[in-house]
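First up is the structure itself, then whatever we jot down about it.
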Amino acid sequence: MPKENPNDLAGMFAEKYLQGKSYDFVIETARYLKKIAETSCKLPILTEES
């Protein structure tokens with residue numbers, strides 16, 4: 001299965017979930033998603049040691 005382009009995924013998300021929503025809703029959604037991404041990137045990833 002080929003990896004999807006992040007820009008294409010963002011476009012599909014925007015078309016499906018954000019189309020017709022208010023400007024404030026779109027901005028708050030973007031801030032929330034950014035916060036999730038920043039938090040998840042800072043957490044250590046658990047790995048099994050051999």
*Taking all non-hydrogen atoms of both residues, which atom of Phe25 and which atom of Tyr17 are closest, and how far apart?*
CE2-O, 4.5 Å
_Residue pairs passing the salt bridge (Lys or Arg N to Asp or Glu O under 4.0 Å) test where at least one lies in residues 8-28, sequence neighbours excluded_ = Glu28-Arg31
_Counterpart residues, salt bridge (charged side-chain N to carboxylate O under 4.0 Å, His left out), relative to Lys35 (two or more places apart)_ = none
_Would Leu33 and Phe13 count as a side-chain contact (heavy atoms from CB on, under 4.5 Å) here? Give the steps._
CA-CA 12 Å; Leu33 292 173; Phe13 176 83; 4.1 Å; yes
